[in-house]
Amino acid sequence: MQAITISKFGGAEVLVASDFPKPEPKPGEVRVRLACAGVNYIDVYMRNGSYARSDTYQTPLPMVPGMEGAGTVDALGEGVTGLTIGERVAYCISRGSYAEYAAVPAWRLVRVPEAMPLPIACALMLQGSTAHYLTHSAYPLAAGNVCLIHAGAGGVGQLMIQLAKSRGAVVIATVGSPAKAAIARERGADHVVLYRDVDFRDEVLRLTGGRGVDVAYDSVGRDTVHRSIRSLRRRGLCVMFGASSGQVDAIAPLELAEAGSVFFTRPHLADYLRDAEEIQGRAADLFAAWQGNRLEVAIDRTLPLREAALAHSLIEDRATRGKLLLAIE
Ligand code: NDP
């Protein structure tokens with residue numbers, strides 16, 4: 001089959017189109033014939049070696065990257081019941097979607113409703129589930145909470161703004177450009193801060209009358225995390241869930257005390273999609289919101305599979321505004 005492979009960690013150029021053996025589903029797995037693969041920032045970390053020592057997201061070389069896909073059931077491994085060949089399915093957090101076929105644990109698959117195009121389902125799996133667990137579980141937002149969301153015009157950011165608003169929160173979003181500010185506003189952000197031009201902490205304190213936010217969702221990492229911590233209210237929570245600007249090596253305990261006895265967590269999506277029930281529950285909420293016109297899924301662009309390296313360059317260059325997909329012929 002055609003696939004994108006990586007045989008050494010590095011820049012986008014290590015993504016190479018190759019012939020790769022079609023996977024055979026092991027017991028409990030399903031072979032999915034992919035229609036599209038989602039490109040996510042986690043693919044960048046897996047490609048550049050940031051996760052070389054991760055147990056949760058293993059990166060043995062050579063490997064086919066891609067943690068999100070949608071397509072149809074092509075073959076069932078031993079012991080798999082309840083799914084039929086040809087059914088439309090989507091999934092995330094199983095590596096190997098930059099390919100024509102992927103073998104995926106059956107418990108990770110969700111059925112795609114008839115009225116939902118596969119690219120929309122694909123876009124909702126990884127970024128949607130992330131936005132969902134952040135706003136519903138890591139810090140379950142309630143009416144009147146004030147939250148800070150960085151990169152508000154990004155794939156996760158746009159979904160998170162909408163979910164935070166649906167829970168009644170006040171959203172302060174940061175973005176890298178005026179064009180992105182318009183997108184974050186369109187998604188419902190109450191306040192938008194151009195964090196490359198102004199100090200977002202000053203803005204947060206001004207907008208909250210000096211109190212600070214209840215929760216800061218920080219996916220940018222190195223460039224923002226210390227100021228995110230200092231933007232919290234007393235005993236608030238900083239959820240640092242990504243590192244688009246670079247990995248953060250350490251947070252000093254005293255830094256948390258000095259910021260107002262605040263809390264800090266660095267979650268992995270895999271821990272918030274721990275079993276079939278949790279996966280199905282989050283997907284059901286997201287699919288229902290999309291079907292009820294309560295959740296807009298912005299697809300930035302769709303590139304052919306062979307353009308995976310370009311896709312990585314775009315996301316790393318801050319050039320995407322929403323979901324980036326690879327179409328698989
Ligand atoms: P995005 O669409 O949000 O793209 C990344 C954005 O980050 C850019 O568009 C840019 O927005 C911002 N950014 C700020 N500084 C930089 C920089 N130096 N280089 C590149 N980008 C920068 O990507 P995703 O929606 O796919 O992912 C968002 C984040 O969420 C990632 O950090 C990802 O790792 C994380 N994530 C974490 C998960 C978890 O469970 N822990 C699961 C899924 C995603 P701007 O121009 O506005 O600054």
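Just follow the structure's listing: the first ligand is 1, and inside any ligand the first atom is 1. In this text, all values refer to a predicted model and were calculated from it rather than measured experimentally. Computation of the quantities below employed the complete heavy-atom set of this structure, encompassing side-chain atoms and omitting hydrogens, waters and symmetry-equivalent molecules.
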*Which protein heavy atom lies closest to atom 23 (O) of ligand 1, and at what distance to 0.1 Å?*
Y41 CD1, 3.8 Å
*Which atoms of ligand 1 are found less than 4.0 Å from any heavy atom of Y133?*
39 (C), 40 (O), 41 (N)
*Which residue owns the protein heavy atom closest to atom 3 (O) of ligand 1, what's the atom, and how far is it?*
G154 CA, 3.6 Å
_Under-4.0 Å heavy-atom contact with ligand 1, by part of V156 that carries it_ = both
*Structural part of A319 in contact with ligand 1, heavy atom criterion under 4.0 angstrom*: neither
_Tell me whether the rings of Y41 and Y45 are parallel (<30°), tilted (30 to 60°) or perpendicular (>60°)._
tilted
_Tell me whether ligand 1 is touched by P267 - counting only heavy atoms on the residue side and a distance under 4.0 Å._
yes
*Are more than 12 heavy atoms from other residues, nucleotides or ligands located less than 6.0 Å from atom CD of Q247?*
yes
_Please list the nearest protein heavy atom to atom 19 (N) of ligand 1 with its residue and the distance rounded to 0.1 Å._
S244 O, 3.2 Å
*Is the closest N or O pair between Y195 and ligand 1 shorter than 3.5 Å?*
yes
*Numbered atoms of ligand 1 (with element) below 4.0 Å of K180, judged on heavy atoms*: 9 (O), 11 (O), 45 (P), 46 (O), 47 (O)
*Examine ligand 1 and decide if any of its atoms is less than 4.0 Å from a heavy atom belonging to Y272.*
no
*Aromatic Y91 / basic R108 pairing, under 6.0 angstrom, 45° off normal*: no
*For ligand 1, which atoms sit closer than 4.0 Å to a heavy atom of F241?*
30 (O), 35 (C), 36 (N), 37 (C), 38 (C), 39 (C), 41 (N)
*At a non-hydrogen distance cut-off of under 4.0 Å, which region of A243 contacts ligand 1 (side chain, backbone, both, or neither)?*
backbone
_With heavy-atom distances below 4.5 Å as the criterion, would you say the side chains of R31 and K22 are in contact?_
yes
*asked:* Which of the numbered atoms in ligand 1 are under 4.0 angstrom from any heavy atom belonging to V175?
replied: 47 (O)
*Tell me, please: is A153 in heavy-atom contact with ligand 1, that is, under 4.0 Å?*
no
_So if I count the atoms of ligand 1 from 1 in the order they appear, which ones are less than 4.0 Å from some heavy atom of R266?_
41 (N)
_Nitrogen or oxygen atoms of L269 and ligand 1 under 3.5 Å apart_ = yes
_Between F200 and H150, is the ring centroid distance below 6.0 Å?_
yes
_Stepwise side chain to side chain contact (heavy atoms under 4.5 Å, CB included) test for V215 and N145_ = CA-CA 8 Å; V215 55; N145 283 162; 5.8 Å; no
*Protein residue, atom and distance nearest to atom 18 (N) of ligand 1, heavy-atom basis*: S245 CA, 3.4 Å
*Under 4.0 Å from any heavy atom of E316, which atoms of ligand 1 are there?*
19 (N), 20 (C)
_Any N/O pair T130/ligand 1 closer than 3.5 Å_ = no
*Does at least one non-hydrogen atom of K323 fall below 4.0 angstrom from an atom of ligand 1?*
no
*Structural part of L126 in contact with ligand 1, heavy atom criterion under 4.0 angstrom*: side chain
_Contact atoms of ligand 1, heavy-atom distance to G155 under 4.0 Å_ = 1 (P), 2 (O), 3 (O), 25 (O)
*What atoms in ligand 1 come closer than 4.0 Å to a heavy atom of Q127?*
24 (P), 25 (O), 26 (O)
